[in-house]
Every structure is written in structure tokens, then in C-alpha cells.
S.K.: 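Handing you a structure now.
Residue numbers start from 1 in every chain, and the chains themselves are labelled A, B, ... in the order their sequence lines are given, proteins ahead of strands.
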Number of protein chains: 2
Amino acid sequence: MTRPTARRGAGRPRTPVLSRDRIVDAALELIDDGGTFSLGLLAERLAVKPSSFYNHISGKDDILAGVQERITDAIDAGMFERLPWADAVVEWARAYRAAFVAHPHAIALFATAPVMGAGRTLRMYEQVVTGFRAAGWPLEAIIPAIVAIESFVLGSALDAVAPATILEPGPDAEAVPLFAAAVSARDLRAAAENMTAADLAFATGLRAMIDGLAASASR
Amino acid sequence: MTRPTARRGAGRPRTPVLSRDRIVDAALELIDDGGTFSLGLLAERLAVKPSSFYNHISGKDDILAGVQERITDAIDAGMFERLPWADAVVEWARAYRAAFVAHPHAIALFATAPVMGAGRTLRMYEQVVTGFRAAGWPLEAIIPAIVAIESFVLGSALDAVAPATILEPGPDAEAVPLFAAAVSARDLRAAAENMTAADLAFATGLRAMIDGLAASASR
DNA sequence: ACCTGAACACCGTTCAAGT
DNA sequence: ACCTGAACACCGTTCAAGT
């Protein structure tokens, strides 16, 4: 039955209530709940005062960076060691998008200061590059392809959390008949395939991009 | 030599200093200059007080929506009436991305409340859908393809304005040798082709996606 | 070492008061 | 009709003071 090693001359040990991890945890929860994110609200949740944060983090941006890390760290790239290239890329892109879409109110974070930072992340990239290399990709073509996929994934995640109305013809439908018909046909198809409109666009684009990349690699 | 029609019983006519257009104009300029965007700074530029804005707009978000419209309205889709489908799509995607990249500090606006709103915009979509239809696309496949392209364009624009360092191996390079080599090879290639790394990724992804979409359409 | 209260400069928005 | 000054509630951050 040990107790925390007593520091020299200290009275009672006083376990701190805050830590960077605990702050980032609570921040992600607060963001996921929607509504506004402010240090005042965050402090309230942790039964603490806003000024207390500054013993553990350098400011609001530091907290947000921690949240971003937490989300991207959930992305796995192990599929490149198990699956053929095309299947692995599809799986990876899906997992990537899913990690963003699981935190819709946090996505704006990635938009302004895009993606990825930690050391875990570099290991993921190593796995992905290895998968491309094993499939015969020339070294200088790999990163552009990966960045292209990431750009598509981020754009699709933003689309997925966007209000569904942005692409609706609205009252001016008769002025743009073909567009209106195309949207209706899309809605019918999405319903029939039991997907959201955003899912359908993502599946379409991912399929196309992987096919296109595969074709360019074998050319 | 006419003067503004005198209202009933009015003294001097008093032309107003502000208008929605003038506010949005100045807002875009302020955003493009980088740094922070606030109503206080905007008012200062216009030699006016922040409270004056509320005679012309409903709030900060209204101004930002105006800025967004101004930028997206610059995107033309006339190429669909002049070029074969594949060429037109490539041109359109490039113009789309260019409109965003021309205002790097404004891009975050599109991320949170993605893209497009006005009536000009609907006409653009009508042109694009018409181009797809003329190329033989089935109606229900058109919108998903367009949205996929838009997602890629937005993601690529965000990538283009991101700090270039985000995908650098840094001091841990020896732990991820293949990734580090791939980044170096990419940098060499980009320099040789006189493109930025972001340009290269965009060109790669766009080519792949259009090829993939073309293949799926003729299947 | 870590939490706090007070203070700071700034934010967007409202509204009665001016002309 | 349109601009303003004052006020409001809130923001992120600093820092001396506590323990």
C-alpha cells in the first residue's frame, strides 16, 4: 500500500484537478455537443476557472490542436499490410472520412489548419507509402496521389456535415429544369440504395479516383 | 444635369456613406489582407462606427455570406458549351479551385458553410448538368459526380493554402524512411515540373477522378 | 505546483438619441 | 433614413495573490 512519494518538505500532496489530457477530453465532448465552444463554458464543465487552464496549455489554439490530434489518431492504416492496394486505399479513405464525420462540429478545425501533426501520424504515412510501393508505384508519384485522396476525403467530410439544402434548386426550379431533374434523380437513387446524398457522392468520387489512379500507375 | 429626385418635404438629400455592397467589398479586402477580421477593424476602414453596419446588414454572418457569394460568383461554367466533356470538366474544376485560392484567407468560410448560394450559381449548375447530359451521362449519376468533384476541389484548395510543412517528416525522418524518400522525390518532381506540391496533387487527383468518371460513364 | 480573482483589451449586437 | 454613443454580455489572456 504505497502513497505518492512525498516531495521534500511538502505538506499534503494535493493531486491536481486539471491536466492537458483532461482539458482536451472535455473540449472534444463540448465540441461534439454542438453549440459554441469557449473557454468559459469549458471551465464551467470542469468546475474550474478559465485562468486555470494556463497552467497546462498555452491557449485556446493549443486545446484545439489537441482535439485535432485526438481525432486523427483514431485513423488506422493497418489495412495496407493485409489487403491488395486498391482495396486498402478504399478502406483507408473510408476510415479517414469516418473519423472526421464522427465529430461533425470539429471538422472546421481541420479546414483551417489541415490535418495531421503527431508522431503516430508519421507511422501511418509510412504504412500507406509502403502499400503504394508494394503495388509498384514510382516513388515520386506516391505523395501527390495520397494528398489528392486526402483532399477528396476532407472535402467529402465537409460536404457530409453541410446542411443538405445547399444544392437544392428551391423556388427557381423551373429556371434550371435539367439541374432540378438531376437532383430529384439523385435523391431517388440515394433513397433506393439506402445512402445519404453525401455518401453517394463520396462513393462515386472514391471509386473514380481509385480507378483513375490505378490506371495511371499501370500506364 | 439631373439631381436625385427630392423626397417629399426633405431638406438636403444626404447620400448615405454605407451600403451592403460597399460593406462586402471592404470586408473582402480586409480578409484578403490577412490578419484578423472584425467589425471594429472593418468600420475603421470605412471611417464609420460598427453600429452603423446594422442599418444595412443583419450581422457579421451576413457580411461573410456576401463575401462568399462574391467569390463563388466569379466561377464560370461556359466551357461546357464549348469543349468536349472531359476537357470542360478539367477547365471547370481548375477555375473553381482558382477562385478559392485567389482568396486564401477566405477559404475557411467555405469550409464551415460550404459553397454556393446565389441565383447566378443555379445557372452555373444548369450549364454543368447540361454538359454531363450531352456527354451521355444517366441523370441519376450526374449530381453525385459533380459533388465529388466539388469536394475534391474544396479539399485541394484548403491543401493549397495550408502551411507547406504539414507533410514533412521532420526530425523523425529515419523512423519513417520510405515516407521521407517519397516526400523528397515529390519535392524534386514538383520543382522539375515548376509546380507547387499542392498543384501537383491537384493535377494528379483531377486527372485520376476525371478518367475514373469517364470510365464509369461508358461502362 | 496549481488554482483563483481581478483586470485588460477586445468582441458582436442592441437601441435610444440625434440629424 | 441613416449614423452614432453608450451600454451589454461575452471573449481570451495575463498576472499578482493565495495555498
S.K.: For the side chain of N55(B), starting at C-beta, report the closest nucleotide among dG5(C), dG12(C), dC3(D).
M.R.: dC3(D)
S.K.: Tell me the interatomic distance from L46(B), atom CG, to dC2(D), atom C1', rounded to whole angstroms.
M.R.: 15 Å
S.K.: Roughly how many Å is it from CG in L18(B) to P in dC2(D), rounded to a whole number?
M.R.: 10 Å
S.K.: Partner lookup for dA7(C), please. Criteria are Watson-Crick or G-U wobble with both distances under 3.5 angstrom; report none if nothing qualifies.
M.R.: dT13(D)
S.K.: So if I take every side-chain heavy atom of L41(B) and compare against dG12(C), dT4(D), dC11(C), which nucleotide ends up nearest?
M.R.: dC11(C)
S.K.: Give the rounded distance in Å between these two atoms: NZ of K49(A) and P of dC11(D).
M.R.: 14 Å
S.K.: Kindly say if K60(A) contacts the phosphate of dG12(D), meaning a side-chain N or O under 4.0 Å from OP1 or OP2.
M.R.: yes
S.K.: In whole Å, I'd like the distance from the CD1 atom of I23(A) to the P atom of dT13(D).
M.R.: 12 Å
S.K.: Check whether any side-chain nitrogen or oxygen of S52(A) sits under 4.0 Å from OP1 or OP2 of dT4(C), and answer yes or no.
M.R.: yes
S.K.: Between W92(A) and F80(A), how do the two ring planes meet: parallel, tilted or perpendicular, split at 30° and 60°?
M.R.: perpendicular
S.K.: Looking at the side chain of S51(B), which of dG5(C), dG5(D), dC3(C) is the nearest nucleotide?
M.R.: dG5(D)
S.K.: By nearest atom, which of the nucleotides dT13(D), dT13(C), dC3(D) is closest to the L39(B) side chain?
M.R.: dT13(C)
S.K.: When you match A47(B) and F37(A) each to their closest nucleotide on DNA chain D, which lands nearer the 5' end?
M.R.: A47(B)
S.K.: Pick base, sugar-phosphate or nothing for S38(B), based on heavy-atom distances below 4.0 Å to the nucleic acid.
M.R.: sugar-phosphate
S.K.: Decide, yes or no, whether a salt bridge links D33(B) with R45(B) under the criterion of side-chain N to carboxylate O below 4.0 Å.
M.R.: yes
S.K.: Output the single nucleotide from dG12(C), dT14(D), dC3(C) whose closest atom is nearest the side chain of Y54(A).
M.R.: dT14(D)
S.K.: Give the ring-plane orientation class for F152(A) versus F202(A), where under 30° counts as parallel, over 60° as perpendicular and anything between as tilted.
M.R.: parallel
S.K.: Please determine whether salt bridge (Lys or Arg N to Asp or Glu O under 4.0 Å) holds for the pair D199(A) and R94(A), giving the CA-CA distance in whole Å, both sets of side-chain angles, and the decisive distance to 0.1 Å.
M.R.: CA-CA 10 Å; D199(A) 290 342; R94(A) 282 184 186 151; over 6 Å; no
S.K.: Under 4.0 Å between a side-chain N/O of H56(B) and OP1 or OP2 of dA1(D), yes or no?
M.R.: no
S.K.: Give one of base, sugar-phosphate or nothing for F53(A), where a contact means two heavy atoms less than 4.0 Å apart.
M.R.: nothing
S.K.: Pairing check on dT19(C): which nucleotide meets the Watson-Crick or G-U wobble criteria with it, both distances under 3.5 Å?
M.R.: dA1(D)
S.K.: Are side-chain heavy atoms of V17(B) and L46(B) found at a separation under 4.5 Å?
M.R.: no
S.K.: Measure CG/D61(B) against P/dC11(C) and give the value in whole Å, please.
M.R.: 16 Å
S.K.: CD1 of I57(B) versus P of dC2(D): gap in Å, rounded?
M.R.: 14 Å
S.K.: Check the distance between dC3(C)'s P and L42(A)'s CG and give it to me in whole angstrom.
M.R.: 13 Å
